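What follows is a structure written as structure tokens; I'll ask about it next.
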Amino acid sequence: MKIEKLIGCLLIVVTSFAACKKTSERVIDCFGESLLVSVHVKIDAANGKQVTTEVKYLGSKTISGVKWEYGDGSTESTTGLTGDHTYVSAGSYTVKARVSFTDGKSSCEVDPTKNVNIQ
């Protein structure tokens, strides 16, 4: 009886550590991917309030989508790596790209940002 309880306890402990390991690997993976992603903003020369945004990614996972937040309340979801936006007024804005990755059954999101000054 004592051996069965001991084996049961060991099984619970091993299972708990395995679950924690998978969780920490996912967090480390998302952190690692965040180091490989950047946002670039190009202001149109003819219209200083119009911007083209682009995600640059140096990793090997698949980007399944990007949700752009332009800092003025406007958002845009794209399946590609670029977005376009026209600001209504001049100011300083923070552009955020919520980049969604998939790799088999696992997925994660990272949120790189870029500040832009609109004249």
Side-chain angles (χ1 to χ4, degrees):
M1 191 70 142
K2 287 183 180 182
I3 292 177
E4 291 172 351
K5 285 183 180 181
L6 180 62
I7 291 173
C9 288
L10 285 173
L11 184 59
I12 290 171
V13 169
V14 169
T15 304
S16 296
F17 281 120
C20 290
K21 183 178 178 187
K22 287 183 180 181
T23 301
S24 66
E25 285 176 357
R26 182 170 185 266
V27 170
I28 292 169
D29 186 49
C30 283
F31 176 74
E33 293 306 313
S34 71
L35 299 175
L36 302 173
V37 178
S38 60
V39 173
H40 298 265
V41 178
K42 181 180 177 187
I43 299 173
D44 187 278
N47 179 357
K49 290 188 172 63
Q50 184 175 347
V51 297
T52 300
T53 54
E54 180 180 15
V55 167
K56 299 230 177 171
Y57 175 56
L58 302 174
S60 61
K61 303 220 181 320
T62 301
I63 294 178
S64 57
V66 179
K67 180 179 180 187
W68 296 97
E69 296 177 15
Y70 293 104
D72 62 352
S74 298
T75 62
E76 174 185 24
S77 294
T78 63
T79 54
L81 300 180
T82 61
D84 292 301
H85 182 65
T86 303
Y87 289 93
V88 175
S89 58
S92 180
Y93 300 95
T94 300
V95 176
K96 179 169 88 170
R98 173 154 288 175
V99 182
S100 300
F101 294 96
T102 57
D103 185 23
K105 293 181 180 180
S106 65
S107 64
C108 73
E109 293 180 335
V110 298
D111 300 317
T113 61
K114 180 76 173 181
N115 292 326
V116 62
N117 290 312
I118 302 298
Q119 302 298 319

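Worth saying up front: this structure is predicted, and the values here are computed from it rather than measured.
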*Pairs where residues 35-45 contributes a residue and the test side-chain hydrogen bond (donor to acceptor under 3.5 Å, both in side chains) is met, not counting sequence neighbours*: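 Counting only pairs at least two positions apart or across chains, the side-chain hydrogen bond (donor to acceptor under 3.5 Å, both in side chains) contacts touching residues 35-45 are Ser38-His40.
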*Side chain Tyr87, main chain Tyr70, donor-acceptor under 3.5 Å*: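 Indeed, once roles are kept as given, a pair shorter than 3.5 Å links the two residues.
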*Decide side-chain contact (heavy atoms from CB on, under 4.5 Å) for Val39 and Val99; before the verdict, give the C-alpha distance in whole Å, the side-chain angles of both, and the deciding distance to 0.1 Å.*
CA-CA 10 Å; Val39 173; Val99 182; over 6 Å; no
_If we check side-chain hydrogen bond (donor to acceptor under 3.5 Å, both in side chains) with His85, which of these qualifies: Asp72, Thr52, Thr53?_
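The single option meeting the side-chain hydrogen bond (donor to acceptor under 3.5 Å, both in side chains) with His85 is Asp72.
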*Considering non-hydrogen atoms only, spot the tightest contact between Asp111 and Lys96 and give its length.*
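Scanning both residues completely, I find the closest heavy atoms to be CB-CD, 3.9 Å.
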*What ring-ring contact (aromatic ring centres under 6.0 Å, His included) pairs are there with at least one residue in residues 100-119, not counting sequence neighbours?*
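As it turns out, the ring-ring contact (aromatic ring centres under 6.0 Å, His included) pairs with a partner in residues 100-119, which skip direct neighbours, are Tyr57-Phe101.
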_Approximate separation, where rounding is to 0.5 Å, of Lys56 NZ and Thr82 OG1_ =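 Here the interatomic distance stands at 11.5 Å.
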*What heavy-atom pair brings Ser77 and Lys67 nearest, and what distance separates the two atoms?*
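Reported closest heavy-atom pair: OG-CG, 3.9 Å.
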_Less than 3.5 Å apart, any donor N or O on the side chain of Glu69 or Thr75 sitting next to an acceptor on the other?_
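Their side chains do not contain a donor-acceptor pair, so the 3.5 Å distance test is not met.
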*Provide the closest heavy-atom pair for Thr102 versus Lys61 in the form atom of the first, atom of the second, distance.*
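Smallest heavy-atom distance, with atoms named: O-CB, 4.0 Å.
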*asked:* To the nearest 0.5 Å, what is the distance between CD on Glu33 and CG on Leu58?
replied: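 Answer rounded to 0.5 Å: 10.0 Å.
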*asked:* Please give me the minimum heavy-atom distance between Gly48 and Ile43, naming the atom from each residue.
replied: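 Nearest pair, atom of Gly48 first, then Ile43: O-CG2, 3.4 Å.
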*Search all heavy atoms of Asn115 against all heavy atoms of Thr94 and return the closest pair with its distance.*
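Closest approach of Asn115 to Thr94, heavy atoms only: OD1-OG1, 2.8 Å.
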*For the residue pair Pro112 and Val55, establish whether any side-chain heavy-atom pair is separated by less than 4.5 Å.*
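No, too far: nothing below the 4.5 Å cut-off.
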*Rounded to the nearest 0.5 Å, what's the gap from OG1 on Thr86 to CG on Asn47? Could you check?*
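Between Thr86 OG1 and Asn47 CG, I get 6.0 Å after rounding to 0.5 Å.
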*So, does Ser64 use its side chain to make a donor-acceptor pair with the main chain of Ser100 at under 3.5 Å?*
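Indeed, once roles are kept as given, a pair shorter than 3.5 Å links the two residues.
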*Determine the minimum heavy-atom distance between Ser34 and Val110, stating which atoms define it.*
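The pair with the smallest heavy-atom distance is CB-CG1, 3.7 Å.
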